[in-house]
Every structure is written in structure tokens, then in C-alpha cells.
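Input: a single structure, listed below in C-alpha cells.
Keep in mind that what you see is a predicted model, and the values were worked out from it rather than measured. Residue numbers start from 1 in every chain, and the chains themselves are labelled A, B, ... in the order their sequence lines are given, proteins ahead of strands.
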2 protein chains.
Amino acid sequence: MNVQDVIEHGAEYFLPNLSIDHVIIGYQDDTLKCLLLKVGDKWVLPGGYILQEESVDHAAERILMERTGLKRPHLRFLSVFGNKDRKFDNDFKGFFKKRGLPWREDYWINDRFVTLAYYSLVNIDTTHPVPGEFDDAAEWFSMDELPEMWLDHNSIVDTARERLKGDIAREQVTYNLLPTEFTMPQLHQLHQTILGSKLDRSRFQKKMIATGMFERLPQVVKESPGRNPYQYRLKKEA
Amino acid sequence: MNVQDVIEHGAEYFLPNLSIDHVIIGYQDDTLKCLLLKVGDKWVLPGGYILQEESVDHAAERILMERTGLKRPHLRFLSVFGNKDRKFDNDFKGFFKKRGLPWREDYWINDRFVTLAYYSLVNIDTTHPVPGEFDDAAEWFSMDELPEMWLDHNSIVDTARERLKGDIAREQVTYNLLPTEFTMPQLHQLHQTILGSKLDRSRFQKKMIATGMFERLPQVVKESPGRNPYQYRLKKEA
DNA sequence: TCAAAAGTGTTCCTGTTACACCCATGT
DNA sequence: ACATGGGTGTAACAGGAACACTTTTGA
């Protein structure tokens, strides 16, 4: 479905005034990053609309899959963003002009939208972004240095970052951000990056191993100076 | 706005396909109760629609206030319910028949609706339910013995009950369910009711007092057999 | 004075904190 | 050999769990 089709016929297929946005979080170079798409001059979160005969959950997974190809991601509801003046008309106006397409005030996508925001944790190396019809580019940005984004998308990202901090204290899900095989020092550094504070290395390691979620692989990898760490991976559930 | 107005003109004022539902939780006779409204032959959660020029947050508070008169309730987002076949047409059909009103398939309220569910904790004695135009009655039901409800409203209540269990472990908000002055034994019993399990009385009391959130009132109340408990109330924030 | 209810204390145990110490490897 | 980084151990402490003890009241 190309841009013109979405504008003209989208209202027949999608629920109006309701959208889904994804904060897709990855980890690279000791930095938390999220996937953004360039639309016109600014950036947006990967998102989409809900089909009229489709559940919200299904739409969230479908949209994420369309942009990343991921089938079983760690996907979690973040929050509702529903300000009364949440309209993209100005942003779309610039986008249409840049594309040389006609723009009309009464396009359904110019309406006020309530969005359901989700966040997901992905391995950046195995995620292959697929820009959509509206997107001029797809890029990973440090969550601490975001470009100018449409409307409230900046604050959606900030909300996700805060939420992640709280969530890792309760549940072990961060391994989603690493390759399937990883070392404890890597996991340790990741947690420190998420929390933005130091964690006792010794205690962290024992705590992680004590969860019983990970199995140690006999292999060791050689690197530079010090001792070689073990690798771990998630235990398969029985 | 009466029923006929809502049906005929609601689509001009409200966002389509999106609703808000409230699980309003109170506590009475050692039981968690929630406020339900009778519409036709079955019961529904108090709810409503979002005005086109109104934020979602504002709508949630407005709707709650319309049905309870409460201005500053403990209000919390619960979850999105968005099954693909979430339509109330059959339920509305029965309701219209019972009221002797004409019913048409294409009424906007018969469309598929995604709902944003909230839960709130209120003091049952100071909450005065106000039935709306659609409602034949308003009643408090034990959350463990719900009547037959429209569509998925039963499971929304169940979700709220589960959520509450988790939330009280993290934050002290349960005092919202009690009068402004209460005793530790009362608070203790409330927590046991919410969790559905026994809590060590001694430890509970010390833990609550240790939070420093409550101030002890010198007064004591006389009752029956045993010793008279102190009363407590929430400390005013500085 | 006895049972019941409320307040306080004691003991045990677990998990957290902050280190110290021991291994392995590259320079 | 030594600095660096990874793995394990230990002592001090805080908080949770289970239960005993004391105080106050009505019958």
C-alpha cells in the first residue's frame, strides 16, 4: 500500500483516531539506542494503525514485524498518549510538500490521534529495519541524544527509558538486548547503562547466576588483557 | 444529554471506536467491592467516551466524577482491551428493546470499540454513585461474586483485582479505601483481603509505621472485647 | 480472672552491601 | 613480573518471617 492509497483508502481499513507507536530499543557500543524513521524533515517512532477487524495486540505485533522482521520480540505496553491537540497536520503538510504530493486539510491522518505506545527490546545486530512508504530513512539513535521528532515522540522515548529502569529491577529481560550468547561482564555493563549508575560487579554476577535462568557454556573466548569470561545463554524452558 | 441524543449526535462530539471504563474499587464488610451499573438485563462498568477536544486523562477524570462526584480520586491506568470483535451491538439491542426505543444496526455505539480501562480506589461511604441516562441502577458488588456483565467487563474487573495485588506491595495507596482515620488492625485486614492471604500482624504494623506516612492520633476508640487501638491518618505533605 | 484484641520484643534467616582475595591472560 | 580483567569468598548489616510476650479491655 503506497502513500496515496493510505491517505485515500486508509480510513476504510483502519480504526480512526487511534494509532500504535513502538519504542524499539537496542544496545550497541555501551549505549541504549532506539530505531527512528525519517519522515519529511523530522523523525518519528515506527508506528501504524489498527485494522478494523484486528485486535490491538495483533496490530502491535504486526506493525513491529513490518518494520523489523522480528516475530517473537519482547513487547510490552508502555502508555497511552492522548493530549487533546495531538494532531500531525503540520508535520504531514511539510512531508507532503517535500514529496511533491498534494495535501488536504481533511485527510484522515490529519485528525487528532490517541496513540498506544509500546516498547520492545531487540538485538540490534539481528534486527533489520525496513522503512515504510512514508519513511525516507531508518536509523538507530542514542536514546540520550534524540533528533527533532514529530510532536510528542520525544517524550514517548523518554517515558520508555524511565520505564525500562523500573522494569529490569523486577524481571530479567535485558538479555534480549544482547546476542544469544553473552558474558556476565557484558550483562553487567548493560545494566549499568540502563540504570545510569554503578553496580557491584561481584554481587551482580552472583545474583544473575542465582536466578537459575542462565546456563554456563564451557567455551571461553579469548580477548585482550585479563582473564577470559564464560559465556552464558538463556536456559530453555522445560 | 439523554439516550436519544447520545445515539444520534454522540458521533459528532466523541472520538469513535474508543471508550473509557472504570473499575471503581471500594471496601466494605471485609470485602472488596466495585461499582457497577445496570444497563438492560446485565451490568457494565462505569464508563464513557472521549470528547473530540478533550485529553484522554481529562476524559477519564471527568467520567469518574460524573458517576461518583469524586474530584481527586486515586486513579490509575489499568490496561487496553482491544479484541477484534469487541462490539456491544447485541447488548445494546436488548437494552433498546427493554426501553422501548428504536434500534438500528448502524448506531455508532454498535461499532467495534477499543477501551482504556482505569481503576480507582475510593471510600465507599463517601462515594455517592450517580447513574447515567443509560443506567437502570448503580450497585456495589463483591469483586469475587460478579453478576453477568457486558462482553469482557468481567475480565476487566478480574484484571484490576490482580493488578491491585501487585501494586500494594510497591506503594502505600490502600488507605484510600478506608476513612481518613483508621486503625492498624483495619489496614491489616484490608491488606489480607486484597492479597487473599494471611499477613503477620506484628510485622505489618511495624512496617506501616516505619514508612513514616502515617501520624498516630492520641485518641483511642472504645469497642468490644480487647484493647483499644490507636487511630492513624495520612501525614500532610510538607 | 479469663479470653480476646492490640501493641511491642526476640530470634532466626535471607539477601544486600562493600569489599578482599584468588585466577587467568596479554604485554 | 605486573597490570588488567574475571571469578569467588567473607564480614557487616538491613529487612523479612515466625512467634513469644506484655498490656488493655469486656464479660
Side-chain angles (χ1 to χ4, degrees), chain A residues 27 29-30 165-172 174-175 178-179 181-235, chain B residues 27 29-30 165-172 174-175 178-179 181-235:
Chain A
Y27 178 66
D29 303 330
D30 288 356
K165 260 193 213 181
D167 282 3
I168 65 164
R170 284 189 293 281
E171 31 178 5
Q172 280 313 318
T174 46
Y175 53 82
L178 296 171
E181 270 111 41
F182 55 89
T183 66
M184 281 300 156
Q186 283 179 307
L187 194 62
H188 177 232
Q189 180 53 49
L190 170 57
H191 274 240
Q192 291 191 147
T193 302
I194 293 175
L195 294 173
S197 62
K198 294 280 175 193
L199 286 174
D200 185 281
R201 186 177 56 83
S202 148
R203 196 159 34 81
F204 178 83
Q205 183 141 343
K206 272 180 291 184
K207 195 174 163 186
M208 287 301 119
I209 292 172
T211 65
M213 297 178 63
F214 308 114
E215 59 180 334
R216 174 182 284 182
L217 303 176
Q219 305 97 300
V220 235
V221 216
K222 304 210 169 187
E223 279 166 39
S224 15
R227 180 173 175 171
N228 286 338
Y230 295 97
Q231 281 197 311
Y232 290 85
R233 72 169 166 224
L234 190 65
K235 266 188 194 166
Chain B
Y27 179 65
D29 304 330
D30 288 357
K165 260 193 214 182
D167 281 4
I168 66 164
R170 283 189 293 280
E171 32 178 5
Q172 279 312 318
T174 46
Y175 53 83
L178 296 171
E181 270 111 42
F182 55 89
T183 67
M184 280 301 154
Q186 283 180 307
L187 194 63
H188 176 231
Q189 181 52 49
L190 170 57
H191 275 240
Q192 290 191 147
T193 302
I194 293 175
L195 294 173
S197 63
K198 294 280 176 192
L199 285 174
D200 185 280
R201 188 178 54 82
S202 149
R203 198 157 32 80
F204 178 82
Q205 184 142 342
K206 274 181 289 183
K207 194 175 163 186
M208 286 302 118
I209 292 172
T211 64
M213 297 177 64
F214 308 113
E215 59 180 335
R216 174 183 285 183
L217 302 176
Q219 304 98 300
V220 235
V221 215
K222 303 208 167 189
E223 279 167 39
S224 16
R227 180 171 174 173
N228 286 336
Y230 295 97
Q231 284 197 311
Y232 290 85
R233 72 167 166 224
L234 191 65
K235 266 188 194 167

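- Distance check, rounded to the nearest 0.5 Å: CG of B:Asp200 to NZ of B:Lys207 gives 11.0 Å.
- In this entry the distance linking NZ of B:Lys198 with P of D:dA17 reads 16 Å, nearest Å.
- Taking atom OH on A:Tyr230 and atom C1' on D:dG7, their separation rounds to 8 Å, with Å as the unit.
- Look at CD on B:Gln231: it is 16 Å from C1' on C:dG7, rounded to the nearest Å.
- The heavy-atom pair separating B:Ile168 from B:Gln172 by the smallest distance is O-NE2, 4.1 Å.
- Annotation: side chain of B:Tyr175 is in contact with side chain of B:Phe214 (closest heavy-atom distance under 4.5 Å).
- Here the straight-line distance linking atom CD of A:Gln189 with atom CZ of A:Arg201 works out to 12.5 Å at 0.5 Å rounding.
- Annotation: proximity of residues 200-215 of chain A to DNA chain D (heavy atom, distance under 4.0 Å) is found for A:Arg201, A:Ser202, A:Gln205, A:Lys206, numbered in ascending order.
- Between B:Tyr27 and B:Thr174 there is no side-chain heavy-atom pair separated by less than 4.5 Å.
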Practice problem: Mind running side chain to side chain contact (heavy atoms under 4.5 Å, CB included) on A:Met213 and A:Lys235 for me, showing each step along the way? | Solution: CA-CA 6 Å; A:Met213 297 178 63; A:Lys235 266 188 194 166; 5.9 Å; no
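- With hydrogens and angles ignored, the 3.5 Å screen pairs a side-chain donor or acceptor of A:His188 with a backbone N or O of A:Leu199.
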Can you check nucleotides 1-5 of chain D for protein contacts, nitrogen or oxygen pairs under 3.5 Å, and list what you find?
none

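- Rounded to an integer number of Å, the gap from CE of A:Met184 to C1' of C:dC23 is 18 Å.
- Taking the side chain as every heavy atom from C-beta outward, B:Met184 and B:Tyr232 approach each other to under 4.5 Å.
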